[in-house]
Every structure is written in C-alpha cells, then in structure tokens.
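Here's the structure, in structure tokens; my notes come after.
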Amino acid sequence: MRLFRSWKRAAVGAASVVAAMALATGCGKKASSPDERYKEAEQKQVKEISSQFTGAYETTRQKLAGDKVQSGSGDVVITLEDSGKSTLSAMMGGMDLSWINTLGMKMSAKVGQTALEESIALSLNEKALGTFNIVMADSDMYLQIPELADKYMHIPGSLLGEDVSVSTMMGEYKKLPEGKKLEELVNSYSKIITDAAKNVKESKEDVTVGDYTVNATKLEVTFDGEQLTELGKKIVETAKNDQNLADIIKASTDEATYEKFKESLEKEGEQKLEGKLVSTIWLGEGDKVIARELRIENANANENYVFTMKAPNKGEDFASEITFSEDGNELFRVDGKGKNNGKKMSGEFSFSQEGSKVAVLTLDELDLEALKKSELTAKGSVRLESESSSSMMDLSAFVLDFDLTETSKSTKGTMTLKSGDAPFVTVAVDMTRGEGGSEPSAPADVVDVADEQAFEAYVKGANWNAYLAQLRQTDIPSNYLDMFEQSLKASGMMQ
C-alpha cells in the first residue's frame with residue numbers, strides 16, 4: 001500500500017502539524033546524540049501541545065457533560081452605514097434603504113439535560129419588531145410569537161426530519177473521554193513513533209525567511225517502507241492491548257464497535273507500506289524548534305507531498321513561512337512577519353492558494369496568554385485579494401476590521417466591513433454565559449401544526465391587528481406594511 005493514497009489525506013496530516021508547530025516552544029537542555037536530541041525535541045513538543053489542547057478540551061467537556069443548566073444572554077446589533085446603504089441600493093435597482101439604520105437581536109438561552117430554550121427579540125432602529133420563543137424538547141420543536149398568540153406551535157420531530165432528542169444529544173457529551181485520557185493516548189503513541197527514529201543525521205544549516213536568518217542544527221530522519229511497516233505493526237499491537245484506548249472507544253460507542261475496531265486493526269497490521277517519510281527539524285537557541293519539513297515520497301506514483309514550516313526570529317521580531325506541495329506544485333502558502341514577546345503577537349500574513357494570493361491577515365494584537373486558556377483577545381483586519389473577486393464585485397476593495405474578546409463567560413467585540421475609510425456594515429456582539437437555574441421543559445399550552453383544523457384556527461385567531469399596529473410604530477415604510485396586510489387578508493389569515 002502506498003504511503004497516503006490521496007493528497008487529501010496528506011493535507012489533513014499537514015494541517016495537524018501546522019497547528020502543532022504554531023504553538024511550539026523550547027525544548028530544554030541538549031541531548032547527547034542526534035537520535036536522542038531528535039526524540040527529546042519531538043516528544044517534549046508533543047507533550048506541551050497535547051497538554052494545552054486537552055486542557056482546553058477538558059474545560060469544555062466538563063461543562064457539556066455536567067448536570068448544571070448552561071445559560072447565556074446578550075445582544076447583536078448590525079449597523080448599516082451610509083456607504084453600505086448606497087451600495088446595496090445600487091445593487092437592488094435603486095431601492096430606498098434610508099429607513100434602515102440598525103437591526104438588533106436581544107437573545108437569551110438555556111440548555112438543560114432534556115430540553116433547550118431560546119428567546120430572540122428583533123428590533124429595527126431600536127424599535128421592537130417581534131419575538132421568537134423557541135423550545136426544543138425530545139425531538140420536537142415549539143415556537144411562540146407572543147405578539148400574535150400565547151400558545152406555542154408544536155412542530156413534531158417527524159415534520160422536521162429529526163429523530164434525535166435533546167436528552168440523547170446531551171447524553172453523548174457525557175460519553176466524551178476525559179482530557180487526561182486523550183493526553184495519555186497522544187503522548188504514548190507519539191512516543192512509539194519518535195522512538196522508532198534511528199540514524200538521525202545532524203548538520204549545521206541556516207534557516208532563512210525574508211530578511212531573517214538563524215543559525216540552526218538540522219536533524220533529519222528517514223523512515224523507509226520496511227521501517228514504516230514495522231512501525232505500523234507495533235502501533236497495531238499496542239492498540240490491541242491498550243486498555244486506555246479500549247475504555248475511550250467503549251465509553252463513546254459500545255462493545256460491538258470496539259470489537260470491529262480491533263478487527264480493522266488486524267487488517268491494518270497486515271498492510272505493507274511503500275515509499276518513505278523524511279522528517280526534518282531545525283533547532284535554534286535552547287533547542288527550540290524553529291523549522292520543520294515533512295516529505296512523503298512514493299516510488300512509482302505521482303503522490304509526493306512536502307510540508308514545510310519556518311519561523312526564524314531575532315529577539316521579538318520573527319518571520320514565518322508555511323507551505324504544502326503536491327508533486328512539486330505548491331498548493332498552499334502562508335507567509336509573513338511580525339513581533340512575538342511570548343505574551344502578545346502582531347504582524348501581517350499573506351495566504352496563497354496554488355500561487356495566487358487570496359487574503360492578507362493583519363494582526364494588531366493577539367493575546368497568546370489568552371490562547372493558552374482557550375480564550376481569545378484579537379484585534380486586526382482581513383483583506384481579500386483580487387484573486388478572490390468575482391465578475392459581480394471586486395472583493396479586494398473591502399477590508400474586515402475586527403476587535404474581539406472571548407472568555408469562558410463572555411464574548412464581546414465588533415466587526416466592520418469597509419472600503420477605504422468608509423464603513424459599510426458594523427456588527428457588534430455583547431454576550432455573557434453562565435450556569436445554573438431551572439431546567440427548561442416543553443410548554444403545556446400548545447397547538448399541534450400537524451392538526452390542520454386546529455392550526456388553521458390558531459393562525460386565523462392570531463392577534464394580527466395589534467401586531468400590525470405595533471409594526472406601524474416602527475420605521476418600516478407604510479407601503480410595505482400595506483402590502484403585508486393585504487396579503488394576510490387575501491389568504492384569510494386576517495379578517
């Protein structure tokens with residue numbers, strides 16, 4: 001069997017390494033031999049990364065798997081600026097949009113063990129448009145528009161095409177493995193792989209990106225087909241007798257699924273791998289990994305892949321380059337430069353696909369300490385390049401500015417789409433999260449939409465006159481509301 005049958009499999013692996021290398025840190029004192037130095041650098045890096053990711057995972061898992069009700073509330077306000085109005089108006093044949101300034105959503109939600117509920121109050125220019133109260137219980141949905149009626153509309157799951165209940169969905173979260181077990185799994189199997197590294201070649205080689213050059217130690221190891229086959233067998237044998245792995249699979253599925261997994265392992269262990277994998281790392285000061293290359297070569301096949309990552313630095317200043325290539329053709333590239341003091345990072349980074357630049361990310365500030373806690377504090381902008389444009393619109397004329405802060409308890413920030421200095425649309429978010437409170441449940445006063453006669457009476461009995469009167473107090477043009485009223489009367493919904 002060739003090593004990786006399609007570029008997509010290789011791309012998934014490369015993406016995983018990108019995420020890992022982005023968080024690489026120093027690797028302690030130097031080991032005595034190239035083999036030991038390579039293994040120590042790789043294993044320490046994996047442990048640090050797995051600890052960080054599984055720590056964040058465990059925090060989320062505990063909330064989802066816990067018995068406490070999770071709740072949240074907040075506001076989303078969309079502001080249509082003057083430039084945005086004129087552009088949209090032109091695209092819509094000159095339609096007058098001067099009456100639209102802001103669209104608001106005031107939201108609240110609760111998620112329990114057997115049901116979830118959400119309320120969304122809509123507004124136009126800070127004037128109420130209407131409210132949607134939604135409850136999901138079992139596999140059914142309940143919808144109330146209080147401005148029209150007190151009763152909830154009961155929409156059975158069979159009409160929604162849903163057969164999974166809320167309690168079943170929440171129960172699945174309880175099956176998620178603990179972060180500690182996942183961390184042990186990642187560390188143990190990565191150690192099997194790095195321990196297989198033999199005859200590591202060591203040499204001195206500079207790492208250069210743009211104007212940045214760092215003196216480095218190059219460590220390169222080659223796994224040929226025979227070595228990879230033996231490595232695969234060792235991993236399979238370990239997995240067959242791994243109680244931690246068995247516990248994780250059984251907890252999230254069942255005994256029968258685990259037995260099928262073991263059977264598939266037997267087949268994998270019989271596979272003979274061809275081609276070779278060449279792994280190279282470059283170590284800078286303190287044996288910090290500053291560059292990496294993974295090269296997959298398949299003999300007699302046009303399936304050869306190369307992933308590279310370079311991040312040389314001079315003090316707080318750094319340059320970075322990440323590429324992924326297939327058969328000598330570069331499919332993806334990210335490059336840029338900036339500053340990183342270990343706590344905060346800034347810089348400008350370009351994204352290219354198959355040789356064409358598609359976007360530029362400018363980071364005014366990214367809080368690295370917050371990232372370690374699975375939080376986000378970031379400010380900057382994203383600009384699409386002309387290659388992302390269509391025949392309908394030149395997207396390179398637009399920039400999306402963002403200023404976001406997200407913690408375990410809140411999300412706050414703004415995003416503004418603009419052209420030059422002229423803002424088009426601004427989205428402001430202010431949400432808070434917490435836990436505790438009463439368990440949500442299905443409402444008692446309902447009308448079943450599957451009962452055509454009862455539902456027709458419900459619709460015709462809705463308080464359309466009062467609702468239209470409310471809408472006429474907003475800034476919606478009267479001619480639009482007149483057409484709405486006429487359609488209600490024509491359909492018999494309103495007398």
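With S410 contributing its side chain and T407 its backbone, the two residues share no donor-acceptor pair below 3.5 Å. A donor-acceptor distance shorter than 3.5 angstrom exists from the side chain of Q144 to the backbone of D150, with no hydrogens or angles considered. Proximity of a side-chain donor or acceptor of K409 to a complementary backbone N or O of G434 within less than 3.5 Å is not detected. A donor-acceptor pair is defined here as one N or O able to donate and one able to accept, closer than 3.5 Å; no such pair exists between the side chain of T474 and the backbone of Q470. E485 places no side-chain N or O within 3.5 Å of a backbone atom of N465 that could act as its donor or acceptor partner. A donor-acceptor pair is defined here as one N or O able to donate and one able to accept, closer than 3.5 Å; such a pair exists between the side chain of E439 and the backbone of T114. Between the side chain of N313 and the backbone N or O of E316, no donor-acceptor pair lies under 3.5 Å. The main-chain N or O of K127 is never found under 3.5 Å from a side-chain atom of N125 such that the two would form a donor-acceptor pair. No donor-acceptor pair closer than 3.5 Å links the side chain of S252 to the backbone N or O of L176. Judged by distance alone, with hydrogens and angles left aside, the side-chain atoms of S165 form a donor-acceptor pair with the main-chain N or O of T168 at under 3.5 Å.
The salt bridge (Lys or Arg N to Asp or Glu O under 4.0 Å) check on E321 picks up R333, with sequence neighbours excluded. In terms of the salt bridge (Lys or Arg N to Asp or Glu O under 4.0 Å) criterion, K63 has no residue partners (sequence neighbours excluded). Under the rule for a salt bridge (Lys or Arg N to Asp or Glu O under 4.0 Å), the partners of D317 that lie at least two apart in sequence or sit in another chain are K339. Residues meeting the salt bridge (Lys or Arg N to Asp or Glu O under 4.0 Å) test with E184, sequence neighbours left out: none. For A454, the side-chain contact (heavy atoms from CB on, under 4.5 Å) criterion is met by V447, D451, not counting sequence neighbours. When the side-chain contact (heavy atoms from CB on, under 4.5 Å) test is applied to A462, the partners found at least two apart in sequence or on another chain are L148, W464.
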- After noting the C-alpha distance and the side-chain angles of Y458 and K151, does the key distance pass the side-chain contact (heavy atoms from CB on, under 4.5 Å) rule? CA-CA 9 Å; Y458 169 84; K151 283 187 176 183; 3.7 Å; yes
- Message: Run D403 and T414 through side-chain hydrogen bond (donor to acceptor under 3.5 Å, both in side chains) and show every step you take.
- Response: CA-CA 5 Å; D403 187 349; T414 59; 5.3 Å; no
- Task: Dump the intermediate steps for side-chain hydrogen bond (donor to acceptor under 3.5 Å, both in side chains) on T323 and T308, then the final yes or no.
- Result: CA-CA 5 Å; T323 64; T308 64; 2.4 Å; yes
- Does the pair S83 and K418 meet the rule for a side-chain hydrogen bond (donor to acceptor under 3.5 Å, both in side chains), with working shown? CA-CA 9 Å; S83 295; K418 65 182 186 179; over 6 Å; no
- Task: Could you go through the side-chain hydrogen bond (donor to acceptor under 3.5 Å, both in side chains) check for S50 and N187 one step at a time?
- Result: CA-CA 7 Å; S50 64; N187 291 342; 2.9 Å; yes
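Each of Q43, K39, E42 was checked for a side chain to side chain donor-acceptor pair (under 3.5 Å) with T194, and the lone residue meeting it is Q43. Screening D82, T87, L88 against K85 for a side chain to side chain contact (heavy atoms under 4.5 Å, CB included) leaves a single residue, D82.
Looking only at atom types and distance, the side chain of T102 has no donor-acceptor partner in the side chain of T79 under 3.5 Å away. One side chain, E147 or T131, offers a donor N or O that lies under 3.5 Å from an acceptor on the other. No hydrogens or angles considered: nothing links the side chains of S86 and S89 as a donor-acceptor pair under 3.5 Å.
Residues Y467 and N463 are not in side-chain contact: their nearest non-hydrogen atoms beyond the backbone lie 4.5 Å or more apart. Counting only heavy atoms from C-beta outward, the side chains of N340 and L368 approach each other to under 4.5 Å. Looking only at side-chain heavy atoms (C-beta outward), D367 and K372 stay at 4.5 Å or farther from each other. Residues D247 and K181 form a side-chain contact, since some pair of their non-hydrogen atoms from C-beta on lies under 4.5 Å apart.
Atom NZ of K310 and atom CG of D335 lie 11.0 Å apart (nearest 0.5 Å). In this structure, E81 CD and L417 CG are separated by 10.5 Å, a value rounded to the nearest 0.5 Å. Separation of atoms OH (Y189) and CG (L245) is listed at 5.0 Å; rounding is to 0.5 Å.
The environment of D421 atom CG is sparse: at most 12 non-hydrogen atoms of other residues, nucleotides or ligands sit within 6.0 angstrom. Heavy-atom neighbours of K180 NZ from other residues, nucleotides or ligands within 6.0 Å: at or below the threshold of 12.
Aromatic ring centroids of F424 and F398 lie under 6.0 Å apart.
Cation-pi geometry between K314 and Y212 is satisfied (NZ or CZ under 6.0 Å from the ring centre, within 45° of the ring normal).
Note on E58 versus R61: salt bridge recorded, some NZ/NE/NH1/NH2 to OD/OE distance being below 4.0 Å.
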